[in-house]
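Quick notes on the structure that follows.
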Amino acid sequence: MDATKRDKIIFWTATTLIFLFEGVMPALTSQTELAKEGIHHLGYPAYFGLTLVVFKIGGSLIIMIPQLPKGLKEWAYAGFTFDFIFAFISHYVVDGMGFQTIFPLIILAILMVSYVYFHKLNPTLKSFQSIG
C-alpha cells in the first residue's frame with residue numbers, strides 16, 4: 001500500500017469516528033433525559049446543551065465534506081479542540097478523575113490524528129502551527 005492511500009485511510013477513519021461521536025450521536029440523543037441531565041449535572045443551563053449540539057453537528061459536517069473551504073475546517077478543528085478540553089475540565093471539576101473525565105481526551109487524540117492527516121493530504125495549506 002502506498003503512503004498516500006494509507007494516509008487517506010487513516011484520515012477518513014479518524015474523521016468518520018469524530019463525525020459519529022460528535023455529529024450523529026448528539027443529533028440522535030441530545031433531547032433524551034439522560035443528555036439533559038448530563039448538561040444539568042455539570043452545572044450548565046439547558047440552552048447550552050442545544051447550542052453545543054448545533055455546533056457539534058455543524059463542525060462534524062464541516063470536517064467531513066471535502067468541498068468546503070480548508071480555512072473553515074481549521075475553525076472546526078479548533079472548536080472541537082476547545083470543546084474536548086473544556087469537557088475534560090468540566091467533568092474533572094464536577095466528578096473527579098474517571099472514564100467520563102478521560103473520554104474527551106481520547107476523542108481529542110482521534111481529532112488530532114484527523115487534523116495531522118488532513119494536513120498531510122493538503123500540504124499546501126498552512127496549519128495554525130506554521131503561521132507566524
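Just so it is clear, the model here is predicted, and its values are computed rather than measured.
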Of all heavy-atom pairs between [X] and [Y], which one has the smallest distance, and what is that distance?
| X | Y | answer |
| --- | --- | --- |
| Pro104 | Phe84 | CB-O, 3.4 Å |
| Ile62 | Lys73 | O-NZ, 2.6 Å |
| Pro123 | Lys120 | CD-O, 3.8 Å |

Tell me, which pairs form a salt bridge (Lys or Arg N to Asp or Glu O under 4.0 Å) where one or both residues lie in [range], sequence neighbours left out?
| range | answer |
| --- | --- |
| residues 93-106 | none |
| residues 3-26 | Glu22-Lys56 |
| residues 35-51 | none |

Whether Tyr92 and Phe88 hold their rings parallel, tilted or perpendicular, with breakpoints at 30° and 60° | parallel
Start with the C-alpha gap between Met64 and Ile18, add the side-chain angles, then the distance that decides, and say whether side chain to side chain contact (heavy atoms under 4.5 Å, CB included) holds.
-> CA-CA 9 Å; Met64 279 296 285; Ile18 296 298; over 6 Å; no
So if you build clusters from Ile, Leu, Val, Met, Phe, Trp, Tyr with side-chain heavy-atom gaps below 4.5 Å, do [X] and [Y] land together?
| X | Y | value |
| --- | --- | --- |
| Ile10 | Leu20 | yes |
| Tyr115 | Ile85 | yes |
| Val54 | Val24 | no |
| Phe82 | Val93 | yes |
| Phe55 | Leu108 | no |

Go through Phe86 and Ile89 one step at a time and tell me if the side chain to side chain contact (heavy atoms under 4.5 Å, CB included) criterion holds.
-> CA-CA 5 Å; Phe86 286 116; Ile89 292 168; 4.2 Å; yes
Among all residues two or more places apart in sequence or in another chain, which pass the side chain to side chain contact (heavy atoms under 4.5 Å, CB included) test with [X]?
| X | result |
| --- | --- |
| Gln100 | His91 |
| Met25 | Phe21 |
| Ser114 | Phe11, Ala14, Thr15, Tyr77 |
| Ile65 | Leu61, Gln67, Leu68 |

The reported gap from CD in Glu74 to CZ in Phe118 (rounded to nearest 0.5 angstrom) is 6.0 Å
Is Thr16 reaching over with its side chain to a backbone N or O of Thr13, donor-acceptor style, under 3.5 angstrom?
-> no
Can you check whether Gly79's main-chain N or O pairs, donor with acceptor, with Asp83's side chain at less than 3.5 Å?
-> no
Sorted by chain and residue number, the ring pair (Phe, Tyr, Trp, His ring centres under 6.0 Å) partners of Phe19 (sequence neighbours excluded) come out as none
Ring pair (Phe, Tyr, Trp, His ring centres under 6.0 Å) against Phe99, all qualifying residues, sequence neighbours excluded = Phe103
Leu42: hydrophobic cluster co-members (side-chain, 4.5 Å) | Ile39, Tyr44, Phe48, Leu52, Val94
Would you indicate whether the side-chain heavy atoms of Leu50 and Gln31 approach each other to under 4.5 Å?
-> yes
Side chain to side chain donor-acceptor pair (under 3.5 Å) filter on His40, not counting sequence neighbours, yields none
